[in-house]
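None of these values were measured; they are calculated from a predicted model.
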Amino acid sequence: RIGLLEEELQGISLWPVRVKDGEDASCLSPGQASRPKILGVDASAFEGRRAFEALGGQDIGDLWGSLQARTARGAIPIVGDEATLRWGLGLGPGDLHEDVSETGEPITFEVVGVIARSFLQGAVLTSEHHLAELYPKSSETRMVLVDAAKERGNEAREIMKSALADRGARVTPTSERLAEFARVETSYIRIFLAFGLLGLLLGAAGVAVLLSRNALARRREFAVLRALGQPRSQVWLSLTLEHCALVAAGLALGTIAAYVGLWPTIAERSLEAPTLALGGLGAIATLSFALTSAVAWGCVQDEPAETLSGAA
């Protein structure tokens with residue numbers, strides 16, 4: 001149908017996809033979608049190819065196989081990648097999503113599985129025959145997935161470009177599509193990280209102010225220690241250790257709480273340690289210790305006689 005010779009398709013598989021237009025539910029869209037784009041795929045071919053990777057311990061073959069018939073609740077089965085379902089639609093496995101057919105009849109979709117991060121982010125997937133049954137006029141086959149060996153990737157791209165040039169089609173490598181999503185996700189992460197570090201800076205300044213007020217209120221206590229013969233450096237060291245212990249305890253509890261909250265995601269995706277965040281945390285800790293040390297040093301500079309005579 002697209003004018004390719006059998007010899008040109010050696011080692012290349014073409015998977016047509018039926019498309020029902022809808023809202024973009026990917027990370028490229030700032031809002032949450034209510035009626036997402038739906039892709040109708042050949043579920044049996046995907047099952048045999050074991051395409052993509054399922055999350056939550058589900059077998060990918062069983063996931064694609066579950067798209068071929070309605071669910072136990074009589075709903076149309078759908079799957080999608082984690083970003084689309086969780087953030088774009090606010091759905092999870094077993095959740096129901098309501099929509100309407102071309103004739104205005106209500107339709108219930110049920111999420112039967114979640115696939116790992118994929119280039120199909122922004123749309124939900126169901127079996128082609130379900131989509132053709134529900135939207136026979138507003139959906140059509142106008143997407144083709146091309147599966148080729150890595151060494152034939154560029155060649156397959158050029159073949160498809162040549163074959164589809166007069167149809168206005170666009171050929172996009174999956175690596176480019178994934179890189180586009182990654183850039184947006186990285187931008188979000190950097191923004192949140194910047195706000196987090198700003199919060200830590202403000203917190204460090206706030207702690208310094210509180211410790212300063214506490215130290216100033218104890219000036220008479222320090223003066224008594226100095227009058228009893230303790231050197232200024234020893235009083236300063238004692239106060240600095242006391243303040244640094246409080247700062248270290250706060251940072252440790254905050255870090256532990258953050259890792260407890262993030263551990264399921266880190267373990268599931270085998271993520272590397274966030275070196276930038278850890279470096280920023282180390283810088284904040286160093287700044288906090290320096291501030292507390294400076295505050296403690298400033299509070300032990302008064303002469304004992306002046307402090308005690310003023311207090312009397």
Side-chain angles (χ1 to χ4, degrees), residues 13-43 45-47 49-58 60 63-64 66-67 76-97 99 109-128 130-131 135 139-148 153 157 160 169-192 262 264-266 268-271:
S13 299
L14 302 181
W15 296 356
V17 177
R18 195 177 187 93
V19 180
K20 162 66 171 62
D21 283 328
E23 300 170 14
D24 184 9
S26 72
C27 62
L28 304 179
S29 176
Q32 192 172 77
S34 58
R35 301 188 67 184
K37 177 189 290 185
I38 307 174
L39 303 180
V41 300
D42 185 345
F46 274 48
E47 181 181 5
R49 178 65 173 76
R50 299 188 65 82
F52 303 99
E53 176 185 354
L55 298 181
Q58 188 175 11
I60 190 62
L63 182 146
W64 294 122
S66 64
L67 294 184
I76 303 297
I78 57 173
V79 301
D81 77 351
E82 185 179 24
T84 300
L85 293 175
R86 178 181 293 183
W87 308 116
L89 297 172
L91 300 174
D95 290 345
L96 301 177
H97 178 70
D99 206 335
F109 294 97
E110 181 178 350
V111 179
V112 296
V114 181
I115 60 177
R117 182 170 177 263
S118 79
F119 59 89
L120 294 176
Q121 183 183 142
V124 295
L125 286 71
T126 187
S127 179
E128 182 181 13
H130 287 314
L131 196 58
Y135 304 100
S139 67
E140 56 184 351
T141 302
R142 49 190 172 87
M143 178 187 291
V144 178
L145 301 182
V146 183
D147 185 15
R157 183 180 183 182
M160 296 304 296
R170 182 179 62 177
V171 180
T172 304
T174 56
S175 57
E176 291 184 10
R177 183 73 171 162
L178 290 171
E180 184 180 11
F181 293 139
R183 283 194 296 270
V184 175
E185 293 171 358
T186 301
S187 297
Y188 282 134
I189 292 172
R190 287 177 176 172
I191 292 172
F192 294 143
L262 293 173
T265 302
I266 294 174
E268 182 177 347
R269 298 189 178 184
S270 301
L271 299 179

List for me each residue that meets side chain to side chain donor-acceptor pair (under 3.5 Å) alongside [X], sequence neighbours excluded, and say none if there are none.
| X | value |
| --- | --- |
| R35 | D99 |
| D21 | R142 |
| S26 | D24 |
| Q58 | none |

* Answer yes or no: is there a donor N or O on one side and an acceptor on the other, between the side chain of E23 and the main chain of S34, under 3.5 Å? =>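 Here the side-chain-to-backbone pair exists.
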
* **Expected output: side-chain T126 to main-chain I78 donor-acceptor under 3.5 Å** =>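 Absent.
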
* Is it the case that more than 12 heavy atoms not belonging to K20 sit under 6.0 Å from its NZ atom? ->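 Yes, enclosed.
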
* **Option among I38, V41, V17 that satisfies the side chain to side chain contact (heavy atoms under 4.5 Å, CB included) test with L125** =>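 Answer to the side chain to side chain contact (heavy atoms under 4.5 Å, CB included) test with L125 among I38, V41, V17: V41.
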
* With respect to V111, which candidate in L89, L85, L96 satisfies the side chain to side chain contact (heavy atoms under 4.5 Å, CB included) definition? ->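 Only one option passes, and that is L85.
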
* Asked: Once the angle between the rings of F46 and W15 is folded into 0 to 90°, is it parallel (under 30°), tilted (30 to 60°) or perpendicular (over 60°)?
  ->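 Geometry flag for W15 against F46: tilted rings.
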
* Quick one: closest heavy-atom pair of V114 and P93, and the distance? =>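 Distance-wise, the nearest heavy atoms are CG2-CG, 3.7 Å.
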
* Asked: Any idea which heavy atoms bring V112 and S66 closest together, and the distance?
  ->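 Between these two residues, the closest heavy atoms are CG2-OG, 3.4 Å.
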
Can you tell me how far [atom2] of [Y] sits from [atom1] of [X], rounded to the nearest 0.5 angstrom?
| X | Y | atom1 | atom2 | result |
| --- | --- | --- | --- | --- |
| E53 | R117 | CD | CZ | 12.5 Å |
| D95 | F109 | CG | CZ | 14.5 Å |
| S127 | E47 | OG | CD | 11.0 Å |

Is there a side-chain contact between [X] and [Y] in this structure, where contact means two heavy atoms from C-beta onward sitting under 4.5 Å apart?
| X | Y | result |
| --- | --- | --- |
| P36 | T84 | no |
| V19 | L39 | yes |
| E128 | P16 | no |

* Mind checking ring-ring contact (aromatic ring centres under 6.0 Å, His included) for F119 and listing every partner two or more places apart, or none if nothing turns up? =>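 F119 satisfies ring-ring contact (aromatic ring centres under 6.0 Å, His included) with F52 once adjacent residues are dropped.
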
* side chain to side chain contact (heavy atoms under 4.5 Å, CB included) between D81 and L120: does it pass, once the steps are laid out? -> CA-CA 8 Å; D81 77 351; L120 294 176; over 6 Å; no

* For R183, enumerate each residue passing the salt bridge (charged side-chain N to carboxylate O under 4.0 Å, His left out) test, keeping only those at least two apart in sequence or located in another chain. =>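 Partners of R183 under the salt bridge (charged side-chain N to carboxylate O under 4.0 Å, His left out) test: none.
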
* Asked: Just checking, any donor-acceptor pair under 3.5 angstrom between side chains of R177 and T172?
  ->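 Their side chains do not contain a donor-acceptor pair, so the 3.5 Å distance test is not met.
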
* To do: Could you check I115 against I60 for side chain to side chain contact (heavy atoms under 4.5 Å, CB included), going step by step and ending with a plain yes or no?
  => CA-CA 8 Å; I115 60 177; I60 190 62; 4.2 Å; yes

